[in-house]
Each structure stands twice: as C-alpha cells, then as structure tokens.
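Here the structure comes first, spelled out in structure tokens, and everything after it is commentary.
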Amino acid sequence: MIDIKIIRQDPQRFKQAAEHKRMSCDIDTLCSLDDRRRTLQQELDQLKHEQNETGGQIALYRNPKSKFYQQALDQGQTAETLTAQSQILVDQMADLKEKAKGLEDEFREVNEQFEALLLTVAQPADPEVPLGKDDTENVEVRRVGDLPKSDFEMVDHVALMTRLGMLDVERGVKLAGTRNYVLRGDGVLLHQAVLRLALDLMVQRGFVPMGVPVLVRDEMMVGTGYYPGGEEQAYRCERDQMSLVGTAEVPLTAMHGEEILSEEELPKKYVACSTCFRREAGAAGKDTYGLYRIHLFDKVEQVIVCRNDEELSKHHHAEIVQNAEDVLARLELPYRVVNVCTGDLGQGQVQKFDIETWMPSRNGYGETHSASRFYEYQARRLKLRYRDGQKKIRFCHTLNNTVIASPRILIALMENHQTADGRIRVPEALRAYLGGREYLGGQ
RNA sequence: GGAGAGGUGGCAGAGUGGCUGAAUGCACCGGUUUGCUAAACCGGCAUACGCUUUCAUAGGCGUAUCGAGGGUUCGAAUCCCUCCCUCUCCGCCA
C-alpha cells in the first residue's frame with residue numbers, strides 16, 4: 001500500500017507506475033475520494049466535538065457527584081430544576097446527532113471506496129528495472145555454470161524418476177487430479193535432502209528457522225499483497241475465511257504485523273520450509289508435463305524485515321539472491337539471473353530478480369527462484385513498524401526470496417546430473433544428506 | 001464438541017454509567033543529588049487520522065481507539081447482543 005499523502009503530491013508518478021506494470025488504477029478517482037473523505041472527516045470531527053462538549057455540560061446538571069451539582073444544590077436549586085435545565089442541552093444534542101447521521105453514512109461509504117482503491121495502487125518500480133511488457137522482455141544479468149554436455153541421449157526427469165521408482169505421476173493424478181504426483185523411494189529422500197541442505201545453509205548464515213502456519217487468515221494475504229487480486233490463485237477455505245498459502249513468505253512476513261519493533265532487533269532474518277499450495281488457475285494447458293507446474297510443493301523461503309532505508313533494502317536484496325545462488329552452486333547446477341521487467345512485476349514489488357536453472361528437457365532455463373523487494377509496501381498493509389533512533393515510528397522494509405523449491409528443482413537436478421548408464425550423480429554437498437551415496441539408481 | 005473463566009497502555013493491574021485516554025506499580029527516557037554504580041527525588045512516557053504553526057526538527061487543536069462489530073443512553077472501558085481470541089476442566093484425536 002502506498003501512502004496517500006505521497007500519491008497526492010505526485011499522482012502522475014503513480015499513474016505511470018501502473019502503466020509500466022500493465023495494471024489499471026484510477027488515481028484521479030482515488031484523489032477525489034480522498035478530498036471528499038477529508039472534508040467529511042473534518043465536518044464530522046467538528047460535530048462530534050460539539051456533542052462531546054454538550055455531553056460534558058449535561059453531566060454537570062445530571063451527575064450528583066459533580067462539584068457544580070453540589071454547589072447548585074447549596075445555592076437552593078433542586079434536582080428537578082437542574083434536570084429541567086439540562087433538558088435544553090439534551091434537545092440540542094438530538095439536533096447534533098441528527099446532523100451527524102447523514103454525514104456518517106456518506107463518510108463510511110466514501111471511505112470504503114477509498115480504501116479499496118488505495119489497495120490497488122501499484123508501487124513504482126526501481127529505475128534499474130527494465131521497461132517491458134512481459135517475461136519475454138526480462139533482462140539477463142549473468143549466467144553461471146557450464147551447461148552439461150553429453151555424448152549420450154539425455155532423458156527427461158519424468159522418465160528418469162519413473163524408471164528409478166522415484167515418481168508416480170499416474171497415481172498422483174488418480175488421487176488428486178492433474179498437476180499432482182506421488183514421490184516415492186529415492187524421490188522422497190532426494191526431495192528432503194535438497195530442502196535440508198538449503199535450510200542448513202540459511203541457518204549457518206544467521207537466518208532463524210521457523211515453523212509457520214500454512215493456513216492463514218485472509219488479512220495476511222491482503223497484508224502481503226496477494227489479495228485483492230490473487231484470490232483465484234489460492235485455495236481459500238471460505239467457511240473459515242482462511243487461505244492456504246502459496247509460499248511461506250506470507251506467514252513469515254506477516255508474523256510481526258500490527259507490532260512496533262525496536263530498531264535494535266532489526267533486521268529480522270527468517271527462513272522456513274513449508275508446503276505451498278497453488279491453484280494455477282488460468283494456466284490450463286501450460287507446462288502440463290512433469291513436475292514443473294504443480295499444485296503442491298515444498299519450499300524453503302527466506303524473508304528479511306529491515307529498517308526503512310532503500311539502500312539497505314537493496315543490499316539485503318543482493319544478499320538473498322546470493323544465498324540462493326550459493327545453494328545452486330552446491331547443487332552444481334547451471335543457472336542465470338534475470339532482472340524482471342516492469343510488465344512482469346507484481347503490484348507491490350520494487351524490483352525482482354528471478355533465478356532460472358538450466359533444465360535440459362526444456363532446452364532452456366526454467367524459473368526456480370524469485371527474489372523481490374517491496375520497500376514499505378507490505379509493511380504498510382501489515383502495520384509492521386519499528387521505532388527508530390529518534391523514537392519515530394516507521395514502517396519496515398520487507399524482502400523475500402526462494403532458497404529452494406522442490407520438486408521443481410529436482411527437474412534440473414535429475415536431468416543435469418544423469419549419467420550415460422542411467423544413474424544420477426549426487427553432487428558432493430548433497431551426499432551427506434543421502435547417506436553418503438554418490439549415485440542414485442543402478443546397483 | 002460440552003462446561004466454566006477471562007480479554008484494559010511495553011508489562012503487571014485498578015476501574016461497574018459522566019470529573020477516565022484511563023489510578024497504581026514495574027520497565028523505559030530526561031533531569032537533580034552522588035567518588036563510580038546503585039538508591040532517592042522531580043518530570044516525561046499509547047496509537048491512528050484530520051486540521052494547524054514552522055524552512056525543518058518539534059509543537060498546538062480536534063476526533064477515534066480499553067479484543068472486533070452492533071445496540072441501549074443526553075453520555076459506555078463500565079449495561080445488552082453477536083463474533084473473534086486466550087485459559088481451565090471433560091470428551092475426541094495425529
């Protein structure tokens with residue numbers, strides 16, 4: 001969410017931001033609603049003030065405990081005469097209330113519209129973000145690692161894993177429909193090994209490991225920017241007004257919502273491994289094969305909550321990208337980092353770097369990581385604040401990135417590390433998590 | 001799921017209709033005193049929004065907020081209703 005005061009100062013900037021992100025937002029209507037809202041509030045405050053004053057005076061005449069009341073009695077007034085005098089004020093009060101009623105209704109309505117619209121204002125992208133309409137215009141930042149070269153016919157992950165008894169797509173679909181799967185045997189062990197490797201690395205780097213709810217109140221979805229707008233992508237439990245999260249970013253970021261942290265405890269660095277649920281609505285027919293686009297997966301996610309300082313945010317952004325790259329290095333996988341263009345940015349994101357890992361079966365790089373920084377966009381929605389050195393209350397900045405998401409990463413892992421004899425070479429760093437095995441399959 | 005208890009400021013804890021944005025204590029910040037530390041004493045100390053003074057820091061005024069929403073009343077932390085949450089006991093259960 002953007003501060004309305006900043007929008008008011010430079011509406012043009014936000015119109016353009018929405019345009020670049022290919023989103024629609026009626027800034028003009030928002031501003032006129034804001035004007036109306038403020039006028040109404042002033043009038044209402046004034047009326048309320050008069051009511052409070054009048055109420056206070058009535059209290060003098062009607063409250064036997066007040067000094068005024070006692071003095072009046074001493075001066076020969078009776079309870080009856082005092083009550084009679086107060087009646088004039090009570091009548092005045094009725095007038096005031098009558099006037100306020102209409103204003104209140106209008107205020108409520110205007111304010112509701114205003115708040116709903118404010119939630120849809122896009123955060124302007126960083127100047128470093130390339131202009132572009134969609135993911136085809138993302139800009140490659142760097143490529144790391146050599147692509148595998150083989151003198152044999154490479155097989156895709158589904159064939160490999162099925163043959164090795166690691167994956168059963170058919171039964172996954174029988175159980176839960178398309179985009180579902182059953183992992184088995186080494187598939188499960190490898191999946192867990194990769195997650196654990198990622199988690200351990202993050203803990204080593206000072207991130208606090210967390211176990212968080214994956215079914216959360218809708219306000220957390222709103223607070224992190226997924227709602228309104230993303231309802232179709234989430235499994236929502238209407239009965240309970242709760243949603244299954246598509247990423248642990250949601251609970252990790254929202255965890256300190258409504259709080260005022262102290263500056264010394266920042267930055268908060270969290271890592272959580274959680275199950276992620278995605279409906280993939282609107283993706284029908286896209287990436288239907290294999291483990292690429294599935295409804296349920298596990299992901300180790302990193303979240304940083306830091307001071308309200310753009311340079312600092314950028315610094316942490318680089319840090320969380322590096323963390324992910326280091327995981328891929330340990331898995332000995334070739335990847336590239338892309339600077340995501342404006343048209344492919346989310347509403348609240350200032351900048352996003354995707355990491356795409358080489359997937360031989362796609363003959364290309366496939367997105368495996370996504371690192372975003374939000375500045376105070378999420379924090380403002382979540383009321384996630386801290387007290388700075390001057391004791392001023394400020395909104396935090398938030399950032400997040402994937403550390404590893406599996407089974408998607410298994411596509412790259414299986415395919416890149418397959419051998420001529422149909423086995424899978426286990427990268428050095430992963431062996432400790434697989435009982436020291438150097439290969440999966442064979443024997 | 002059944003029965004009961006309860007939700008007040010950073011924390012503890014008063015407050016059952018007006019003088020209560022809220023006693024008191026602790027914590028915290030500033031000051032005085034003091035070889036140092038501690039103690040003692042004095043002062044300050046919620047959040048949000050709007051208006052306003054100012055170059056700005058920082059003020060001033062107003063409104064709202066005692067879990068949330070609605071109601072009764074001239075007036076609600078206080079009375080009534082609904083919901084949410086926490087705790088205790090019982091039942092069930094990974």
Side-chain angles (χ1 to χ4, degrees), chain A residues 1-9 30-73 79-80 82-101 103-115 118 211 213-220 222-223 237-243 254-266 275 376 379-396:
Chain A
M1 186 161 63
I2 309 294
D3 188 350
I4 183 62
K5 289 178 203 148
I6 295 175
I7 300 174
R8 230 185 274 148
Q9 276 167 20
L30 180 74
C31 287
S32 67
L33 280 170
D34 178 49
D35 285 342
R36 185 71 191 135
R37 179 184 69 102
R38 278 151 62 215
T39 313
L40 285 169
Q41 190 184 334
Q42 278 177 59
E43 290 172 17
L44 267 176
D45 281 0
Q46 177 59 29
L47 271 175
K48 205 69 185 103
H49 175 57
E50 286 172 36
Q51 285 181 42
N52 287 342
E53 294 267 285
T54 312
Q57 285 178 15
I58 294 171
L60 297 178
Y61 288 103
R62 295 236 177 142
N63 179 10
K65 280 179 274 181
S66 77
K67 277 191 196 128
F68 178 93
Y69 192 93
Q70 289 303 327
Q71 279 172 9
L73 285 186
E80 285 72 30
L82 285 168
T83 305
Q85 286 173 50
S86 74
Q87 190 55 44
I88 299 163
L89 294 166
V90 172
D91 292 344
Q92 273 177 27
M93 190 72 119
D95 284 350
L96 290 170
K97 278 170 76 171
E98 191 58 36
K99 268 197 236 165
K101 200 169 182 333
L103 285 178
E104 258 166 28
D105 291 344
E106 191 186 351
F107 177 78
R108 194 183 314 221
E109 194 178 311
V110 168
N111 203 41
E112 242 168 58
Q113 288 175 24
F114 168 77
E115 279 174 355
L118 186 59
V214 292
L215 180 61
V216 301
R217 298 175 190 280
D218 285 340
E219 55 190 280
M220 310 309 155
V222 174
C237 307
E238 285 85 0
R239 269 197 300 192
D240 303 296
Q241 286 100 52
M242 307 256 270
S243 297
M255 183 150 47
H256 294 291
E258 312 264 306
E259 294 181 24
I260 300 175
L261 304 170
S262 67
E263 187 165 359
E264 299 82 68
E265 57 188 315
L266 297 177
T275 302
E376 58 175 48
R380 193 175 274 280
R381 289 174 164 236
L382 289 164
K383 298 191 178 59
L384 165 49
R385 297 158 295 172
Y386 71 101
R387 213 178 288 276
D388 72 8
Q390 277 76 300
K391 304 247 177 105
K392 230 182 118 190
I393 290 168
R394 316 195 58 187
F395 288 103
C396 299

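Order of the sequence lines sets the chain letters (A, B, ...), proteins ahead of strands, with each chain counted from 1.
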Going by purine N1 to pyrimidine N3 plus the second Watson-Crick contact, or the G-U wobble pair, all under 3.5 Å, which nucleotide sits opposite [N]?
| N | answer |
| --- | --- |
| B/G9 | none |
| B/U88 | B/A3 |
| B/U16 | none |
| B/G69 | B/C81 |
| B/U47 | B/A64 |
| B/C55 | none |
| B/A94 | none |
| B/U32 | B/A40 |

Worksheet item: In terms of heavy-atom contacts, does CD of A/Glu265 have more than 12 from other residues, nucleotides or ligands at under 6.0 Å?
Response: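 Atom CD in A/Glu265 is packed in, count exceeds 12.
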Discussion item. Are there over 12 heavy-atom neighbours, none belonging to A/Arg108, within less than 6.0 Å of that residue's CZ?
Written reply: no
Roughly how many Å is it from [atom1] in [X] to [atom2] in [N], rounded to a whole number?
| X | N | atom1 | atom2 | result |
| --- | --- | --- | --- | --- |
| A/Lys383 | B/A48 | NZ | P | 10 Å |
| A/Phe107 | B/A64 | CZ | P | 12 Å |
| A/Phe395 | B/A48 | CZ | P | 8 Å |
| A/Leu60 | B/C19 | CG | C1' | 9 Å |
| A/Glu264 | B/C28 | CD | P | 13 Å |
| A/Ile260 | B/C11 | CD1 | P | 11 Å |
| A/Arg36 | B/G50 | CZ | C1' | 15 Å |
| A/Glu53 | B/C61 | CD | P | 13 Å |

Worksheet item: Which residue, A/Ala94 or A/Gly55, contacts RNA chain B at a nucleotide closer to its 5' end, judged by nearest heavy atom?
Response: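 In this pair, the answer is A/Gly55.
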Item to complete: Please figure out whether A/Arg385 or A/Gly56 has its closest RNA chain B nucleotide nearer the 5' end.
Response: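 Its nearest nucleotide lies further toward 5', so the answer is A/Gly56.
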Looking at every strand, decide which applies to [X] at a 4.0 Å heavy-atom threshold: base, sugar-phosphate, or nothing.
| X | result |
| --- | --- |
| A/Lys5 | sugar-phosphate |
| A/Ile58 | base |
| A/Arg108 | sugar-phosphate |
| A/Gln41 | base |

Fill in: A/Leu44 to A/Ala100 - nearest heavy-atom pair and separation
CD2-O, 4.0 Å
Fill in: Nearest atoms (heavy-atom pairs only) where A/Cys396 meets A/Ala379
O-CB, 3.1 Å
Worksheet item: Near RNA chain B, under 4.0 Å by heavy atom, which residues of residues 44-52 of chain A?
Response: A/Asp45, A/Lys48, A/His49, A/Asn52
Item to complete: Go through A/Phe114 and A/Leu30 one step at a time and tell me if the side chain to side chain contact (heavy atoms under 4.5 Å, CB included) criterion holds.
Response: CA-CA 6 Å; A/Phe114 168 77; A/Leu30 180 74; 3.8 Å; yes
Worksheet item: Looking at the side chain of A/Lys97, which of B/A46, B/G18, B/G75 is the nearest nucleotide?
Response: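 Nearest listed nucleotide: B/G75.
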Worksheet entry | Proximity to the side chain of A/Met93 - top-ranked nucleotide from B/A46, B/G75, B/G50 |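 Nearest to the side-chain atoms of A/Met93, counting from C-beta on, is B/G75.
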Worksheet item: Any chance the side chains of A/Glu50 and A/Gln46 put a donor and an acceptor closer than 3.5 Å?
Response: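 Side-chain D/A pair, A/Glu50 to A/Gln46: present.
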Could you work out the separation of [N] and [M] based on their [atom1] atoms and round it to a whole Å?
| N | M | atom1 | result |
| --- | --- | --- | --- |
| B/A64 | B/G9 | C1' | 16 Å |
| B/A77 | B/G60 | P | 24 Å |
| B/A94 | B/A3 | P | 25 Å |
| B/G4 | B/U82 | P | 14 Å |
| B/U8 | B/U47 | C1' | 15 Å |
| B/U33 | B/G18 | C1' | 43 Å |
| B/C28 | B/A38 | P | 10 Å |
| B/G13 | B/C19 | P | 26 Å |

Worksheet item: Can a side chain N or O of A/Arg387 be found less than 4.0 Å away from OP1 or OP2 on B/U47?
Response: yes
Worksheet item: Can you find a side chain N or O atom of A/Arg38 that sits less than 4.0 Å from OP1 or OP2 on B/C51?
Response: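 Yes, such a contact exists.
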Discussion item. Return a single string for nucleotides 81-86 of chain B, one symbol per nucleotide in 5' to 3' order, where B is base contact, S is sugar-phosphate-only contact and - is none, cutoff 4.0 angstrom on heavy atoms.
Written reply: ----S-
Contact check, side chains of [X] and [Y], non-hydrogen atoms, under 4.5 Å:
| X | Y | answer |
| --- | --- | --- |
| A/Asn111 | A/Glu115 | yes |
| A/Gln87 | A/Val90 | yes |
| A/Glu109 | A/Glu106 | no |

Discussion item. Donor-acceptor pair, distance only, cut-off 3.5 Å: does the side chain of A/Arg381 make one with the backbone of A/Val222?
Written reply: yes
Practice prompt. Output yes when A/Asp95 and A/Lys99 qualify as a salt bridge under the 4.0 Å nitrogen-oxygen rule, no when they do not.
Written response: no
Discussion item. Check this for me: does any side-chain nitrogen of one of A/Lys48 and A/Asp45 sit under 4.0 Å from a carboxylate oxygen of the other?
Written reply: no
